[in-house]
Number of protein chains: 2
Amino acid sequence: MQAKVASLQPHGDSGAAETPLLDKLGRFVVLAAADREIIARVASERVRGFAAHEDVVREGDRPQHISVILSGWACRYKVLADGRRQVVAFFLPGDVCDLNVLVLRHMDHSIGALTPILVSEISRAGFDTLMGAHLRVAQALWWEQSVANAIQREWAVNLGLRDATERMAHLFCELFLRLSLVGLVSGHSCEMPVTQADLAEATGLSPVHVNRTLQELRRLGLIVLKDKTLTIPDLEALADTAQFNPNYLHLGQEGRHLDANDR
Amino acid sequence: MQAKVASLQPHGDSGAAETPLLDKLGRFVVLAAADREIIARVASERVRGFAAHEDVVREGDRPQHISVILSGWACRYKVLADGRRQVVAFFLPGDVCDLNVLVLRHMDHSIGALTPILVSEISRAGFDTLMGAHLRVAQALWWEQSVANAIQREWAVNLGLRDATERMAHLFCELFLRLSLVGLVSGHSCEMPVTQADLAEATGLSPVHVNRTLQELRRLGLIVLKDKTLTIPDLEALADTAQFNPNYLHLGQEGRHLDANDR
DNA sequence: CGTCCCCTTGAATGAAGTCAATACGCGTGG
DNA sequence: CCACGCGTATTGACTTCATTCAAGGGGACG
């Protein structure tokens, strides 16, 4: 009755945690050594750290660079005039924060650190290098951006029609798979370094109800969450209660035909 | 107390309704005559009609072309295994349905007509022509895509933290401004050719509650909605109750510095 | 040892959903 | 011309899910 969850197995814990971006891009296109080298170089030009709760970019800013998360978690959020906050995306290691700041000049939202983070700041010039010099890299970046958009759409679905339990379960499924892409799950566990209040802002629930929802998921034996560590004993089962369909993450090696070595 | 709504005046009813795409793109970059000509040509190669409620593309498909709405309204939606539907975007005349189908091969959602529509189907080849031949056009398409993503984010905010009244009001503000971009508002009125059930799927509310919410907005004198026509007597007032901040639509002529004639 | 942050729990309230009945147009065909 | 059916809009009564308010507990850290 549930759509196929063929690719629910965590993906490649092969990836080295130091190069989450390479891990991710390499999952879509087959990068040549030169490609990998140039990504690594551009992405290490300027590295910056932020403390938890610090803003990386703020609404209204006109950033001159793109940020890539190297370690830690961040989020994209918007604030209404009366202070209500909604997190509309989580950024995990390897995620590119905002490719389109280069075309939309003013930020229409903010990006904040959820935990202490390290980000690589890629300048316009560095970006042009990436996009121009190597076709495969440009394609990979486009793909990463497209997947981010797809995730954004799925969040709308999550907020629009899933109840609290499904919503939390869905978020956990997504984060678990995304973390597995960059080698950050081990066995059935991954880090979950955010507070219940953070989860509340991401799911549109109240902190109190997040707490109750987590207890419900625990009671059902679907998750173990303790000491900032999430364990999912049975991912299929969790996916089932979440009505989670991983297709929107486009994990299917869709771009593997774009092989840098096949010319 | 409300963020500046400087650009709340409807934009340029100058645009001819026959060329909504040109209207929109021309709002970002200044297109040369040759640019306009090539867009018009590519966009008129293959035109197709769909009846209301017909699907333009379905989840799982691998479309070989990009669709641009010429007339009528469509939507992007997702369906859960148990049949629950969530609309995650409205497409109005001039909107490009999905630039990234060219990189993400399988559709992770469907696109359906809300009213009878005419779409222009741009093939991969036509798309390459657009992107390759004229830098300005490529930039304009990127911009259109980026704005679409920004809108998607705002929908998440809408679903996550606004109550029913604010949510409906917000949707109306957005649609009104987007329609004004393509010359489809006259005075304080625009078409609203969708049913209350459609609005329900877009706002994550039940049809019954949409009805009550509409009555509430009418009672407050914020909208007149009758015979598929929406009239907003006081856009500022509606925007205020919606906590609507138009910045995410990026109406500010941000790309006007990209002038095709300034070389 | 106190303070702060985070998590937890309970009880009361409220917003939106569900169910069900009714009403209104509108086109179709008898 | 009228009866019928269908999709859409409306209304009322009841239920449910989630929020709010308020209080207490536990651990980390100065």
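All values reported here derive from a predicted model rather than from experimental measurement. Throughout, a chain's letter reflects where its sequence line sits, starting with A, and its residues are numbered from 1.
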Student: Tabulate atom names and distances for all N/O pairs under 3.5 angstrom spanning the protein and nucleotides 7-11 of chain D.
Tutor:
unit_1: D:dA9; atom_1: OP2; unit_2: B:Gln196; atom_2: N; d: 2.9
unit_1: D:dT10; atom_1: OP2; unit_2: B:Gln196; atom_2: NE2; d: 2.7
unit_1: D:dT10; atom_1: OP2; unit_2: B:Asn211; atom_2: ND2; d: 2.7
unit_1: D:dT10; atom_1: O5'; unit_2: B:Asn211; atom_2: ND2; d: 3.2
unit_1: D:dT11; atom_1: OP2; unit_2: B:Gln215; atom_2: OE1; d: 2.7
unit_1: D:dT11; atom_1: OP2; unit_2: B:Gln215; atom_2: NE2; d: 2.9

Student: Roughly how far, to the nearest 0.5 Å, is CG of A:Leu230 from CG of A:Leu238?
Tutor: 8.0 Å
Student: Between the side chain of B:Asp234 and the main-chain N/O of B:Glu236, is any donor-acceptor distance below 3.5 Å?
Tutor: yes
Student: Given 3.5 Å as the limit, does a donor-acceptor pair link the side chain of A:Ser120 with the main chain of A:Val47, or not?
Tutor: no
Student: Are any of the side-chain nitrogens in A:Arg58 or A:Asp55 under 4.0 Å away from the carboxylate oxygens of its partner?
Tutor: yes
Student: If only atom types and distance count, is the side chain of B:His188 paired as donor or acceptor with the main-chain N or O of B:Thr231 below 3.5 Å?
Tutor: no
Student: Identify each atom pair where a protein N or O and an N or O of nucleotides 28-30 of chain D are less than 3.5 Å apart, giving names and distance.
Tutor:
none

Student: Kindly say whether A:Val208 contributes a backbone atom to a donor-acceptor pair with the side chain of A:Asn211 at under 3.5 angstrom?
Tutor: no
Student: Has the side chain of A:Asp227 got a donor or acceptor atom that lies under 3.5 Å from a matching backbone atom of A:Thr229?
Tutor: no
Student: Between B:Glu144 and B:Lys24, is there a side-chain N and carboxylate O pair less than 4.0 Å apart?
Tutor: yes
Student: Parallel, tilted or perpendicular: which one describes the rings of A:Trp155 and A:Phe90, with boundaries at 30° and 60°?
Tutor: perpendicular
Student: Between B:Glu166 and A:Arg84, does any NZ, NE, NH1 or NH2 come within less than 4.0 Å of an OD or OE carboxylate oxygen?
Tutor: yes
Student: Calculate, to the nearest 0.5 Å, the distance between atoms CD1 and CZ belonging to B:Ile117 and B:Arg48 respectively.
Tutor: 9.5 Å
Student: With a 4.0 angstrom cut-off to heavy atoms of chain A, pull out the first and last contacting nucleotide of DNA chain C, in 5'-to-3' order.
Tutor: C:dC6 to C:dA11
Student: Which pairs with one or both residues in residues 210-219 of chain A pass salt bridge (Lys or Arg N to Asp or Glu O under 4.0 Å), sequence neighbours excluded?
Tutor: A:Glu216-A:Arg219
Student: Looking at A:Glu154 and B:Lys78, is there a salt bridge between them, counting it only when a charged N and a carboxylate O are closer than 4.0 Å?
Tutor: yes
Student: Tabulate atom names and distances for all N/O pairs under 3.5 angstrom spanning the protein and nucleotides 14-18 of chain D.
Tutor:
unit_1: D:dA18; atom_1: OP1; unit_2: A:Ala164; atom_2: N; d: 2.8
unit_1: D:dA18; atom_1: OP2; unit_2: A:His209; atom_2: NE2; d: 3.3
unit_1: D:dA18; atom_1: O5'; unit_2: A:His209; atom_2: NE2; d: 3.4

Student: In this structure, are over 12 heavy atoms from other groups packed under 6.0 Å from A:Glu191 atom CD?
Tutor: no
Student: Sort by first number and list every stem of DNA chain D: at least 3 consecutive Watson-Crick or G-U wobble pairs, both distances under 3.5 Å.
Tutor: C:1-5 with D:26-30, C:8-30 with D:1-23
Student: Do any N or O atoms from the side chain of B:Arg167 and from the backbone of B:Asn158 form a donor-acceptor pair under 3.5 angstrom?
Tutor: yes
